[in-house]
Amino acid sequence: TKKRNMIKKIKNIMSFVDKLLSRFRRFFVNSITAFFLLIIVIGVLSSIISVFDSDEIETKGKILYLEPKGVVVDKAITRDDPFEEFEIFGSSTNQIELEDILRMITVSVAAAKARGHESMFDCEHYFDGYKANPDYALSCVQAAHQGGASWVILCDTNGGSLPDEVYEIVTATKKAYPDVRLGIHCHNDSGVAVANSLAGVQAGARQIECTINGIGERAGNAALEEVVMAMRTRHDLMPYTTNINSKLLSKASKVVSNATGFPVQFNKAIVGKNAFAHESGIHQDGMLKNRQTYEIMTPESVGVKQTSLVMG
């Protein structure tokens, strides 16, 4: 009887503790949820206040702001902040006229340059915009150049353009404004970001925005290692050089992969595990006789120790 009473008491205590913990967990989860919701609300309100709660705002909208904190650049007002990089945002309660956008481009780029830093202007969706309205797309390039942009970057933002299109449009842009230094920024949604970037270079672009391992939004951006080695192996068609030490490409790829948690596919060009591995019998025979028959670059040139001949 004493044992049964003792067991009953223990069960009651455990039931009470379980209920207490259950209530605590619900309270904790609800508190955490409420906390994050509060943070989100505060962030949204702060953004709204930074954009709209200012004596400088015109009733028609059409005001640009610099980050951090709203600095009106519509009147070329700037602030001395210790930031090397910042973004420019446009805000309007009404639809902005195309001519007003051109003015905003010029003024915002000029304001950025007035801070004493190099100013680069990325033309988002440039190739789509050019196909829809080439004259206006070119006007945007001119507006950025007039504002003092050191580089105007032409972006294939949705990765839908093909190399022939990129070459044609970059050529036309360079012809219209030969004094503008052009860059190229390509996404890999169609699997041709590197090809598009190289087409841009052949057409007159002299800066490529690319990433190690091709990481980036959605399907990624042009892979730096592929761009560098393509220009190096086909120097006859693209007689341009970079300051990239290609012998560090393999190491850099591993560092980025480890840091991001994104594995590099085995058959990826230049830095993939199988990039310099040969298994087919006829390939191995060719490698033993003349390695140039199956390797357009040496593994050592990208930081890989040696070629692998895989058995089986």
Side-chain angles (χ1 to χ4, degrees), residues 87-88 90 96-106 108-109 112 118-211 214-232 234-242 269:
E87 293 183 344
I88 298 174
I96 303 176
E97 299 296 331
L98 294 182
E99 291 302 319
D100 288 330
I101 294 176
L102 295 178
R103 176 182 60 83
M104 292 165 68
I105 291 173
T106 301
S108 60
V109 171
E118 184 177 22
S119 176
M120 301 183 189
F121 183 78
D122 274 35
C123 290
E124 288 285 297
H125 291 279
Y126 182 78
F127 294 93
D128 295 317
Y130 186 94
K131 295 168 196 175
N133 189 340
D135 291 336
Y136 186 73
L138 291 172
S139 296
C140 290
V141 173
Q142 183 183 33
H145 182 61
Q146 289 176 342
S150 301
W151 291 89
V152 177
I153 316 300
L154 311 182
C155 304
D156 183 32
T157 310
N158 61 15
S161 298
L162 296 178
D164 288 346
E165 293 177 301
V166 170
Y167 181 85
E168 180 182 345
I169 292 173
V170 174
T171 298
T173 305
K174 190 65 178 176
K175 182 178 180 180
Y177 302 110
D179 296 332
V180 177
R181 293 198 294 177
L182 299 177
I184 188 79
H185 175 111
C186 298
H187 282 263
N188 202 39
D189 298 74
S190 299
V192 289
V194 170
N196 282 345
S197 298
L198 296 175
V201 170
Q202 289 179 306
R206 290 297 176 266
Q207 180 185 124
I208 301 175
E209 292 187 347
C210 49
T211 60
I215 63 173
E217 289 284 345
R218 304 183 311 279
N221 292 80
L224 179 147
E225 60 277 3
E226 296 177 24
V227 168
V228 169
M229 296 311 295
M231 288 195 292
R232 184 165 298 186
R234 294 311 309 269
H235 200 69
D236 55 326
L237 295 178
M238 292 172 287
Y240 313 112
T241 57
T242 70

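Scope of the values below: all heavy atoms of this structure, side chains included, with no hydrogens, waters or symmetry mates. Numbers here simply count residues along the sequence, with the first being 1.
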Legend entry - Stepwise side chain to side chain contact (heavy atoms under 4.5 Å, CB included) check, D189 with R218: CA-CA 7 Å; D189 298 74; R218 304 183 311 279; 2.8 Å; yes
Inset, instruction - Go through the steps for W151 and R206 under the test side chain to side chain contact (heavy atoms under 4.5 Å, CB included), then give the verdict. - result: CA-CA 9 Å; W151 291 89; R206 290 297 176 266; 4.0 Å; yes
Inset, instruction - Please lay out, stage by stage, how V192 and L162 fare under the test side chain to side chain contact (heavy atoms under 4.5 Å, CB included). - result: CA-CA 7 Å; V192 289; L162 296 178; 4.2 Å; yes
Inset, instruction - Determine, stepwise, if the pair L102 / C140 fulfils side chain to side chain contact (heavy atoms under 4.5 Å, CB included). - result: CA-CA 6 Å; L102 295 178; C140 290; 3.9 Å; yes
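For the pair L198 and R234, the minimum side-chain heavy-atom distance is 4.5 Å or more. The shortest side-chain heavy-atom distance between I105 and I101 falls under the 4.5 Å cut-off. Residues V170 and L154 have side chains in contact (heavy-atom distance under 4.5 Å, counting atoms from C-beta outward). Looking at heavy atoms from C-beta onward, E209 lies out of side-chain contact with N221 at the 4.5 angstrom threshold.
Side-chain contact of T173 with Y126: a donor-acceptor pair under 3.5 Å is present, judged by distance alone.
Atom CD1 in I215 sits 13.0 Å away from atom CG in N188 (nearest 0.5 Å).
Considering all non-hydrogen atoms of both residues, A149 and F121 come closest at CB-CB, 4.3 Å.
For the salt bridge (charged side-chain N to carboxylate O under 4.0 Å, His left out) test, residues two or more places apart in sequence or in another chain that qualify with E165 are K131.
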